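Read the structure below first, then the notes.
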Amino acid sequence: MTTAAAPSPIVASAEGSAALVCRDVRVAFGNTEALRGVDLQLAPGEWLGLIGPNGAGKSTLLRAIAGLVDHHGTISLSCGRRPGGTDVALVPQNPILPEGMTVAEYALLGRSPHLGWLATESRRDRRIVASVLERLDLQRFAGRPLTQLSGGETQRAVLARALAQQAPILLLDEPTSALDLGHRDTVLELIDGLRRSDGISVIAAMHDLGTAARFADRLALIDEGRIVADGAPRSVLAPGRLSTVYATPLSVHTIDGEIVVLPAPRARQEPRP
Ligand code: ADP
């Protein structure tokens, strides 16, 4: 994942343009109110962790920000404009991986928002993709079909497509759910590195609360379509609040300086005589 020379920034002018504001965002699917008035702010260069139980509305919020679902309320950049394909890039939870497409071809799809009507990718677009593949240590897989990659390589290819978009805001929907611990940390460290070097802002929906706390500057806890807590990880991850929202007893510990959330111990069953 490391390169010898200092890599060129993936996003050249992210600084100052990444802030995002959500005001009273509401999304309904028929009778299901997936988001019931979400207020949220993202500062430039910030990593915001979205946490909450299944069905809370995390994916819907990311999809609304990416413009993939209709919403009421306001989602805008700091300049007041609604974000478009060159502003936000989404790494979806279950991406569609086109049959027969190579890693480089798939990553090149990330350039689509930059292309004019009926335009084809230029040499510059291919150079950007090559640079992203290099940053993700994927050059040797460039010509390989997506279907012939391991889980970790696939995850990186999906990230490559999003990074090729060169958007200053990266939206990650459970980006490491299919990865083992080693691959999980490698991918998250890589994103964190890009954030620090290129000023990308990140909103990441994450299942594992300890991992979310480790990488995020701030956590937003969603429950039933509403943000019920928003702040520093240590303040949001209060055991009483988590136990209520996740509807199961949870305890919060600090091990080697890191926050760890655990289920409360089960009552011990005495062995039968
Ligand atoms: P999370 O990501 O927190 O698990 P989601 O945003 O996926 O939650 O879902 C929020 C709610 O919206 C759930 O009740 C889910 O069933 C519903 N929902 C999400 N997408 C759709 C859809 N396309 N059609 C109907 N209901 C949906």
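Because the structure is predicted, anything quoted here is derived from the model rather than measured. Atoms within each ligand, like the ligands themselves, are counted from 1 in listed order.
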Please confirm whether Gly30 comes under 4.0 Å of ligand 1, counting heavy atoms of the residue only.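 Contact check Gly30 vs ligand 1: negative.
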
Rounded to the nearest 0.5 Å, how far does CD1 of Ile191 lie from CG of Leu163?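 Taking CG in Leu163 and CD1 in Ile191, the distance rounds to 7.5 Å.
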
If you round to the nearest 0.5 Å, how far is OG of Ser197 from CZ of Arg135?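 Rounded to the nearest 0.5 Å, the CZ-OG separation comes to 4.5 Å.
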
Residues [X], [Y]: salt bridge by 4.0 Å N-O rule:
| X | Y | result |
| --- | --- | --- |
| Asp24 | Arg36 | no |
| Arg63 | Asp173 | no |
| Glu46 | Arg218 | yes |
| Arg123 | Asp125 | no |

Is [X] close to ligand 1, meaning an N/O of one under 3.5 Å from an N/O of the other?
| X | result |
| --- | --- |
| Thr60 | yes |
| Gly55 | yes |
| Gly57 | yes |
| Lys58 | yes |

Is the shortest distance from atom 21 (C) of ligand 1 to a protein heavy atom below 4.0 Å?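 When distances to the protein are checked, atom 21 (C) of ligand 1 has a heavy atom within 4.0 Å.
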
Is there a protein heavy atom less than 4.0 Å away from atom 26 (N) of ligand 1? yes

Short list, please: which atoms of ligand 1 are under 4.0 Å from a heavy atom of [X]?
| X | answer |
| --- | --- |
| Pro53 | 3 (O) |
| Ala56 | 1 (P), 3 (O), 8 (O) |
| Asn54 | 4 (O) |

Report the nearest protein non-hydrogen atom to [atom]: residue, atom name, distance rounded to 0.1 Å.
| atom | value |
| --- | --- |
| atom 19 (C) of ligand 1 | Phe29 CE1, 3.5 Å |
| atom 12 (O) of ligand 1 | Ala34 CB, 3.4 Å |
| atom 7 (O) of ligand 1 | Ser59 CB, 3.7 Å |
| atom 14 (O) of ligand 1 | Thr32 CG2, 3.7 Å |

Main-chain N/O of Leu136 paired with Arg156 side-chain donor or acceptor, under 3.5 Å: yes

Side-chain donor-acceptor pair under 3.5 Å between His114 and Ser112, yes or no? no

Close side-chain approach of Pro239 to Leu250, heavy-atom, < 4.5 Å: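 The answer is no; the side chains never approach within 4.5 Å.
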
